[in-house]
2 protein chains.
Amino acid sequence: MNKRRTGSRSTGRTTIEDVARHAGVSAITVSRALRTPDSVSKPLRERIGQAVATLGYVPNRAARTLASARSNSVAVLVPSLSNQVFVDVLAGIRDVLGPRGYQLLIGNNLYDAAEEERLLMAYLEHHPDGLLLTGLQQSPRARAALAGSGVPTVHMMDLMADHSVTSVGFSQPAAGYAMTRHLLERGHRRIAFMAAQLDERTLKRRDGYRQALDEAGHGDYCAEISSPAASSVGLGVELTAQLLAEHPAIDAVFCCNDDLALGALFHCQRRGIPVPQHLAIAGFNDLGFGACSVPALTTVATPRYHIGVRAAELLLARIDNPALDAETLDLGFELQTRESA
Amino acid sequence: MNKRRTGSRSTGRTTIEDVARHAGVSAITVSRALRTPDSVSKPLRERIGQAVATLGYVPNRAARTLASARSNSVAVLVPSLSNQVFVDVLAGIRDVLGPRGYQLLIGNNLYDAAEEERLLMAYLEHHPDGLLLTGLQQSPRARAALAGSGVPTVHMMDLMADHSVTSVGFSQPAAGYAMTRHLLERGHRRIAFMAAQLDERTLKRRDGYRQALDEAGHGDYCAEISSPAASSVGLGVELTAQLLAEHPAIDAVFCCNDDLALGALFHCQRRGIPVPQHLAIAGFNDLGFGACSVPALTTVATPRYHIGVRAAELLLARIDNPALDAETLDLGFELQTRESA
DNA sequence: CTGAAAGCGCTTACAG
DNA sequence: CTGAAAGCGCTTACAG
C-alpha cells in the first residue's frame with residue numbers, strides 16, 4: 001500500500017507526503033499540524049500525530065528554511081571557548097534565544113580575524129536571522145559581507161564610540177583605568193601590566209592603564225609584558241617570573257585576566273614572595289576562583305552573562321524591526337577589592 | 001537589463017540565476033564553478049568569479065542541502081562548555097572536521113538527558129552527516145530517534161562494554177581505581193571521594209574508587225560527598241569544609257575533577273592544613289593549572305583532545321562506509337603524581 | 001478548517 | 001566543457 005516515490009533522486013527518507021498519506025490528509029495539513037496545531041481540527045491533529053510517531057518522521061529543516069525563507073537560527077562568533085568569559089556570554093544568549101525557538105550556530109575564531117571572516121562567510125550561507133559578533137574589529141571583507149547580507153547584527157563586549165553599529169558591553173579602557181587607579185591609591189608606584197594575546201579588549205584595557213599612570217606622573221615606568229600564547233595559569237607563572245627578572249623593582253602587577261593572575265599568585269607562593277606586601281596582584285573578569293584563592297584575588301567583575309542576555313534581546317528587537325537605529329548599551333563593571341591588591 | 005524575478009515569493013536575494021545571467025552562462029555552470037572549479041574552463045571560471053564578487057553572491061545552504069541531500073555538517077553534543085574538558089574535546093573534533101569542510105553544530109545539554117534529547121531531535125532535522133555524542137546513556141527516545149535516523153554516530157569519553165556502538169575514550173572505573181590505589185600506596189587509609197554532579201563518568205570513577213577500597217579492606221570507611229551544583233573551585237571549597245566537619249579523620253580526598261581539587265587546596269591553605277601531610281588531595285583531568293599550583297596537584301591526565309581527534313576520524317570512516325562494524329577505542333589515561341598526594 | 005498549485009534556490013542525472 | 005529538465009521536501013498564497 002505504501003506507494004513510495006522511487007524517482008532517481010529519492011533519498012528514501014520519510015517525508016511529509018508519507019505522513020500525509022498515512023494519515024489520509026494532504027501534506028499542507030500535516031505542515032499546519034506541526035507548526036500551528038491550533039489551526040487543525042483535533043481529530044486530524046491526532047491522526048497526524050500518530051502517523052508522525054509510527055513513521056518516525058523528522059521534518060527536513062533545509063526544506064523548511066528554503067520554503068519559508070527563515071532559518072530560525074542565529075550565528076554567534078566568539079574568539080575562544082577556553083576563556084570562560086565567552087562561555088558565560090553564550091549562556092546568556094542561549095537563555096534568551098533558546099526559549100524563542102532559535103537554534104544557535106556557535107563559531108570559535110581562536111582570536112584570528114581571518115578565521116572570523118571564514119566563519120562569517122560560512123554562516124552567512126545559512127541565512128541566519130541574526131548575528132552576534134564579539135568585538136568591533138571585523139576585517140574589511142567581513143564588514144562588507146555583513147553589510148551586503150542585511151542580517152541584523154549586534155556586537156558584544158566592546159562599545160562602539162560613534163554608535164554606528166549596535167553594541168553591548170562595557171568600557172574596556174575605563175575598566176583598565178579604574179583598576180590602575182585602585183593600585184595607585186593603594187600606594188603602588190611601579191605597576192606592571194601583563195597580558196597574553198594582545199586582542200582588541202586587552203589593548204583597550206592597556207590604554208586605560210597607561211592613561212592612569214600618565215596622569216599620576218608614572219608614565220615613564222611602564223613595565224609591560226605579553227605573549228602571543230593563549231592565556232593560561234601556566235603562562236601567568238612564566239610571565240611573572242620573566243617580569244620579576246627584568247623589573248625586580250615592580251610592586252604591583254595588573255594581569256589582563258584572572259588566569260594570568262592566578263599564575264602570578266602561584267609563582268609568588270612558590271618563591272615565598274608575600275602578596276600583596278611585596279607584590280600586589282590584580283586580575284580581570286572575576287571568574288569565581290578568585291573569591292577563594294589565598295590570598296583572594298582583587299579583580300574587575302564584568303557582566304558577561306548579562307552581556308549575552310542583553311545582546312540577544314537587542315538582536316531580537318532588530319530581527320522584528322530591521323529599521324531600528326543602532327544603539328550602544330553600557331553594562332558597566334565593578335571593582336572587586338579583595339586581598340591580593 | 002537586470003531582469004529580477006518578481007514572483008510573490010521572491011526573497012529579493014541574489015541567487016545563482018542572477019550570477020549566471022551576469023556572467024552569461026547557465027546556473028549549472030555557476031554551480032560547478034563554485035563546487036568543482038576544475039570542471040569549468042578558465043575563462044568562464046573567471047567571469048563567474050567576477051560576477052560573484054560584484055553581485056556579492058552568497059550561496060544558499062538550505063537549497064544546496066536540499067538538492068544534494070548532504071548537509072556537510074556534523075552535530076556534536078557535549079554536557080557542558082564550562083568544563084574545559086569538553087572544550088578540549090571540541091578542539092580535537094574541529095581540527096579534524098574543519099579541514100574536511102564540515103560545519104559543526106555544537107549543542108550543550110547542561111548535563112541534562114531531557115535537554116540532550118531535545119537537542120538531538122533539533123539537530124536531526126538538519127540531517128547531519130554524522131553525530132558525535134558524549135557518553136553512552138542517551139534517553140530511550142533519543143536512542144530510538146538515533147537508530148531511526150541512520151546517521152553514523154560515535155560516542156565519546158566512555159567505553160561501550162559490549163561494543164554495540166562505536167565509542168572512543170578511556171575506562172573511567174579503571175582511572176578511579178588507579179588513583180585510589182595510588183593514594184592507598186602512599187599510606188592513606190581514610191580516603192574520601194568528592195564530586196559535583198553525579199553524571200555517568202563520575203559514577204564510574206566512584207565505582208573504581210569503591211572497588212579499590214573494598215579490595216584493600218577499607219570498604220567500610222567510605223566518606224563520599226557530592227552536590228547537585230555545577231562543579232567549580234568555590235564548590236570545592238564548600239564541600240571540603242563540609243567533608244572535614246563531618247569526617248575529621250580523613251587523610252586524603254579524591255576529587256572528581258581538578259576544579260574541586262583546587263578548591264580543596266584553597267580551603268586547606270586558608271585553614272593552615274598542610275597538604276599532603278594532613279590531607280592529601282587528588283584531582284582528575286590534569287587541566288593545566290594543577291602543574292603550577294602550590295602544592296602541585298596530583299591528578300589523572302585524560303586524553304581529551306585526542307578523544308576529539310580520534311572520534312572525528314572514526315566518524316569520518318563511518319560516514320564514508322556506513323556498513324563498518326562498531327568499534328571501541330581505549331585511549332587510556334595517565335597518573336600524574338605531583339606534590340598534593 | 002482543508003487542499004491544489006506554485007515556488008524557494010540549488011544539484012543530480014542525462015545529453016551532447 | 002556546457003546546458004535543459006526535473007526534483008529535493010517543505011511552505012506560501014490563494015481558494016473554498
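Every chain is numbered from 1, with letters handed out A, B, ... down the list of sequences. These numbers come from a predicted model, not from an experiment.
Looking only at distances, no side-chain donor or acceptor of B:T15 sits under 3.5 Å from a matching main-chain atom of B:R13. In terms of modelled atom types and a separation under 3.5 Å, the side chain of B:Y123 and the main chain of B:I106 share a donor-acceptor contact. Within the 3.5 Å criterion, the main-chain N or O of A:A33 finds no donor-acceptor partner in the side chain of A:R45.
When the nucleotides D:dC10, C:dT11, D:dT2 are ranked by their closest atom to the side chain of B:V40, D:dT2 comes out on top. Checking C:dT2, D:dT11, C:dT11 against the side-chain heavy atoms of A:R35 singles out D:dT11 as nearest. You'll find that the side chain of B:I28 is closest to C:dA13, out of C:dA4, C:dA13, D:dT11. Candidate nucleotides C:dA4, C:dG9, C:dG7 were compared by shortest atom distance to the side chain of B:A67, and C:dG9 ranks first. Of all nucleotides listed (C:dC10, C:dC8, C:dT2), C:dT2 comes nearest to the side chain of A:T29.
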Watson-Crick and G-U pairing of DNA chain C written in dot-bracket, each distance under 3.5 angstrom, with | for inter-strand partners: |||.||||||||.|||
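Residues B:R35 and B:R32 form a side-chain contact, since some pair of their non-hydrogen atoms from C-beta on lies under 4.5 Å apart. Side chains of B:H126 and A:S73 form no contact here, defined as non-hydrogen atoms less than 4.5 Å apart. In this structure, B:R118 and B:M121 have side chains that are not in contact, with every pair of non-hydrogen atoms separated by 4.5 Å or more. Between A:D158 and A:S167, every side-chain heavy-atom pair lies at or beyond the 4.5 Å cut-off. You'll find the side chain of A:L77 stays beyond 4.5 Å of the side chain of A:Q138, heavy atoms only.
For the pair A:T65 and D:dC10, the criterion of a side-chain N or O lying under 4.0 Å from OP1 or OP2 is not met. One finds a side-chain N or O of B:S41 lying less than 4.0 angstrom from the OP1 or OP2 phosphate oxygen of D:dT2. Between B:S26 and D:dG3 there is a side-chain polar atom (N or O) within less than 4.0 angstrom of OP1 or OP2.
Straight-line distance from the CD atom of B:E125 to the P atom of D:dG9: 15 Å, rounded to whole Å. The nearest whole Å value for the distance from the CZ atom in B:R61 to the C1' atom in C:dC10 is 13 Å. Following rounding to the nearest Å, B:L34 (CG) and C:dT11 (P) show an atom-to-atom distance of 8 Å. Per the geometry, CD1 belonging to B:I16 stands 14 Å off P belonging to D:dA4, to the nearest Å. The distance between atom OH of A:Y57 and atom C1' of D:dC10, rounded to the nearest whole Å, is 7 Å. The distance between atom CZ of A:R21 and atom C1' of C:dG3, rounded to the nearest whole Å, is 16 Å. Atoms CG (B:L66) and C1' (D:dC8) sit 4 Å apart, rounded to a whole Å. The distance between atom CZ of A:R13 and atom C1' of D:dG7, rounded to the nearest whole Å, is 14 Å.
A heavy atom lying under 4.0 Å from DNA chain D marks none of the residues of residues 43-51 of chain A.
Legend: side chain to side chain donor-acceptor pair (under 3.5 Å) pairs involving residues 313-324 of chain A, not counting sequence neighbours, sorted by first then second residue: A:T166-A:R318, A:R310-A:E313.
Taking CG of B:L133 as the reference point, atom CG of B:L119 lies at 11.0 Å (rounded to 0.5 Å).
Residue contacts for A:R32: at a heavy-atom cut-off of 4.0 Å it reaches a base atom on one of the strands shown.
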